[in-house]
Amino acid sequence: MVKQSIKAPAKINLSLDVLGKRSDGYHEVKMVMTQVDLSDRLDMEPREDGLIHVEMSEGSLPADSRNLAHQAAVLLKQHGGTKMGASIYIYKNIPVAAGLAGGSSDAAAALRGLNELWKLGLSLSELAELGAELGSDVPFCVHGGTALATGRGECIEKIPEPPSCWVVLAKPPVGVSTGDIYKRMRTEDISSTSADTMSAAVRDYNYNAICRSLHNALEQVTLPMYPEIRQIKERMRASGVDAALMSGSGPTVFGLVKKEAKLHRVYNALRGFCDQVYAVRLLGEKQP
Ligand SMILES: C[C@@](CO)(OP(=O)(O)O)[C@H](O)COP(=O)(O)OP(=O)(O)OC[C@H]1O[C@@H](n2ccc(N)nc2=O)[C@H](O)[C@@H]1O
Ligand SMILES: Nc1ncnc2c1ncn2[C@@H]1O[C@H](COP(=O)(O)OP(=O)(O)O)[C@@H](O)[C@H]1O
């Protein structure tokens, strides 16, 4: 039996501008997104009986039709008109509801993997278009790498990879609802945007400019609601990261660190403060 084993990496938002509220209930955004090497893994096998069956290593998450990878498989099956089914096993490493797009990345990995297994021959753009039906972050996860995302997040323009660095991720034990954070966003308070500056810094391969340009408009909503996120940011800065920012709607904070010699100090400072801390690399960067 042919099997597929495929990685589903987490994302961080190097910059996130909210440009306004749309008539469809979503917000117009402009974001620079990139992937890090903290990944779930999806093992997939085709099934002759046509059923979609998902199992998760993480018992607290639904494996039924509420699971984004399950939804992706059903959508692709309908779109591709195949009689085949699939068994999907998800090894979960990415913290859930963290602002790291773990669910979206699982959905994207299911689309890419099943497209191969079922020999549907869809292009990445076609898979991304399908993925947009599941969530705004899914198209980015289908393409992967580093990108400028516009619209509600589903319009993807690939940009070059940023310079290599360490990324320390720290997630406080709070649950944040993305929809709730967007709903509370006061777009009239927006005073500055950052995506163009960040995109230029990435294209220039300029690490210091990337650090200076980190910006997330959703911080103005999430930080006052959860003081522990601000504390993590402050602790990261005090421990010597080059720059720190909340990812997406939160609550995970990421810190960028160029020098490996600093990494242990940052990691240990955070570990004493919060349980879920990861030291990872940006994915796809040129090796130094
Ligand atoms: C904030 C971001 C930044 O990358 O990531 P996360 O924090 O979720 O990782 C994304 O914009 C999240 O994308 P995603 O998590 O796919 O959101 P969706 O499922 O499409 O939408 C969830 C809800 O958020 C709101 N929403 C989402 C995207 C957007 N551009 N405007 C919105 O107002 C809508 O109310 C929607 O019902
Ligand atoms: N495969 C999956 N992995 C993680 N969460 C999932 C998955 N499928 C559905 N979900 C649901 O999606 C929601 C958001 O999860 P996630 O993608 O981890 O958040 P975020 O976009 O904030 O990083 C959670 O409430 C979770 O129950």
Side-chain angles (χ1 to χ4, degrees), residues 8-36 38-42 44 52 54-74 88-111 128 131-142 147-156 169 171 174-187 195 215-219 221-222 229 245-254 276:
K11 62 85 187 164
I12 55 173
N13 303 83
L14 294 176
S15 73
L16 193 164
D17 298 332
V18 180
L19 304 179
K21 192 161 172 18
R22 311 179 352 164
S23 53
D24 62 2
Y26 286 88
H27 288 75
E28 196 69 15
V29 293
K30 195 164 181 182
M31 316 186 279
V32 176
M33 308 168 85
T34 193
Q35 290 180 309
V36 296
L38 172 66
S39 299
D40 295 341
R41 198 183 85 222
L42 277 74
M44 292 171 256
I52 305 293
V54 175
E55 270 186 69
M56 302 281 293
S57 61
E58 180 77 41
S60 58
L61 277 172
D64 56 18
S65 60
R66 288 167 294 175
N67 194 294
L68 281 161
H70 193 289
Q71 291 172 20
V74 170
I88 305 174
Y89 192 89
I90 306 177
Y91 295 89
K92 200 81 201 152
N93 295 310
I94 305 172
V96 177
L100 299 172
S104 306
S105 195
D106 292 350
L111 290 173
E133 294 181 31
L134 303 169
S136 310
D137 272 351
V138 180
F140 167 73
C141 297
V142 167
L148 184 64
T150 53
R152 63 179 166 93
E154 88 285 20
C155 304
I156 302 301
L169 302 167
K171 181 191 170 288
V174 295
V176 172
S177 151
T178 302
D180 186 40
I181 299 301
Y182 272 114
K183 209 179 298 160
R184 291 165 185 263
M185 178 78 204
R186 289 170 52 91
T187 44
H215 173 77
N216 181 350
L218 297 178
E219 280 194 339
V221 180
T222 316
I229 302 177
L245 189 73
M246 184 181 81
S247 184
S249 53
T252 303
V253 177
F254 66 89
Q276 284 182 287

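Read the numbers this way: they start at 1 and go in the same order the structure lists the ligands and their atoms.
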> Partners of E219 by salt bridge (Lys or Arg N to Asp or Glu O under 4.0 Å), sequence neighbours excluded?
Replying inline: K233
> Which residues pass the side chain to side chain contact (heavy atoms under 4.5 Å, CB included) test with V74, sequence neighbours left out?
Replying inline: I52, H70, Q78
> Which part of V138 is near ligand 1, with near meaning a heavy atom under 4.0 Å away: side chain, backbone, both or neither?
Replying inline: neither
>> Measuring from non-hydrogen atoms of R22 to any atom of ligand 1, is the shortest distance under 4.0 Å?
In response: no
>> Between N216 and T222, is there a side-chain heavy-atom distance shorter than 4.5 Å?
In response: no
>> I'd like the contact residues of ligand 2, where contact means a heavy atom below 4.0 Å.
In response: L61, R66, N67, L68, K92, V96, A97, A98, G99, L100, A101, G102, G103, S104, D106
> Quick one: nearest non-hydrogen protein atom to atom 23 (C) of ligand 1, plus distance?
Replying inline: G179 CA, 3.7 Å
> Looking only at heavy atoms, is any part of K21 under 4.0 Å from ligand 1, and if so is it the side chain, the backbone, or both, or is it neither?
Replying inline: neither
>> Quick check: T178 and ligand 1, any N/O pair under 3.5 Å apart?
In response: yes
>> Tell me the closest heavy-atom pair linking A8 and I94, and the distance in Å.
In response: O-CD1, 3.3 Å
>> Counting C-beta onward and ignoring hydrogens, is there a side-chain heavy-atom pair between N13 and F254 closer than 4.5 Å?
In response: no
> Nearest protein heavy atom to atom 21 (O) of ligand 1, by residue and atom, and its distance?
Replying inline: Y26 CE2, 4.0 Å
>> Looking only at protein heavy atoms, which one is nearest to atom 20 (O) of ligand 1, and what is the separation?
In response: S136 OG, 2.6 Å
>> Heavy atoms only: which of D137, T252, V29 lies closest to atom 13 (O) of ligand 1?
In response: D137
>> What I'd like to find out is whether the side chain of S247 reaches to under 4.5 Å of the side chain of K11, using heavy atoms alone.
In response: yes
> Considering only heavy atoms, does Y182 approach ligand 1 within less than 4.0 Å through its side chain, its backbone, both, or neither?
Replying inline: side chain
> If you take all heavy atoms of A128 and P139, which pair is closest and at what distance?
Replying inline: O-CG, 3.4 Å
>> Under the rule for salt bridge (Lys or Arg N to Asp or Glu O under 4.0 Å), what residues qualify as partners of R22, not counting sequence neighbours?
In response: D24, E28
> In the protein, which heavy atom is nearest to atom 19 (O) of ligand 1, and how far is it?
Replying inline: G135 CA, 4.0 Å
> For A101, is the nearest heavy atom under 4.0 Å from an atom of ligand 1?
Replying inline: yes
>> Under 4.0 Å and counting heavy atoms only, is there anything from the protein next to atom 37 (O) of ligand 1?
In response: no
> Would L100 and I12 count as a side-chain contact (heavy atoms from CB on, under 4.5 Å) if you check the C-alpha gap in whole Å, the side-chain angles of each, and the deciding distance to 0.1 Å?
Replying inline: CA-CA 6 Å; L100 299 172; I12 55 173; 4.1 Å; yes
>> Restricting to non-hydrogen atoms, name the atom on D40 and the atom on G102 that form the minimum distance, rounded to 0.1 Å.
In response: OD2-O, 3.9 Å
> Which ligand 1 atoms does G25 reach within 4.0 Å, using its non-hydrogen atoms?
Replying inline: 33 (O)
> Relative to atom 6 (P) of ligand 1, which among M246, K11, M185 owns the nearest non-hydrogen atom?
Replying inline: K11
>> Give me the atom names and distance for the closest heavy-atom approach of G131 to L111.
In response: CA-CD1, 3.8 Å
>> Once you restrict to heavy atoms under 4.0 Å, what part of M33 touches ligand 1? Side chain, backbone, both or neither.
In response: side chain
> Near L16, which atoms of ligand 1 are under 4.0 Å from a heavy atom of that residue?
Replying inline: 3 (C)
> For atom 31 (N) of ligand 1, which candidate among E133, M31, H27 holds the nearest heavy atom?
Replying inline: H27
>> Taking 4.0 Å as the limit for heavy-atom contacts, which would you say applies to V176 with ligand 1: side chain only, backbone only, both, or neither?
In response: neither
>> Below 4.0 Å, non-hydrogen atoms only: which portion of K183 touches ligand 1? Side chain, backbone, both or neither.
In response: neither
>> Restricting to non-hydrogen atoms, name the atom on N93 and the atom on L38 that form the minimum distance, rounded to 0.1 Å.
In response: O-CD1, 4.1 Å
>> Checking N67 against I90 for the side-chain contact (heavy atoms from CB on, under 4.5 Å) test, could you report, in this order, the C-alpha distance in whole Å, the side-chain angles of both residues, the deciding distance, and whether it holds?
In response: CA-CA 11 Å; N67 194 294; I90 306 177; 3.9 Å; yes
> What pair of heavy atoms forms the shortest contact from P251 to K171, and how long is it?
Replying inline: CG-CG, 4.1 Å
> Less than 4.5 Å apart, any side-chain heavy atom of F140 and any of Q35?
Replying inline: yes
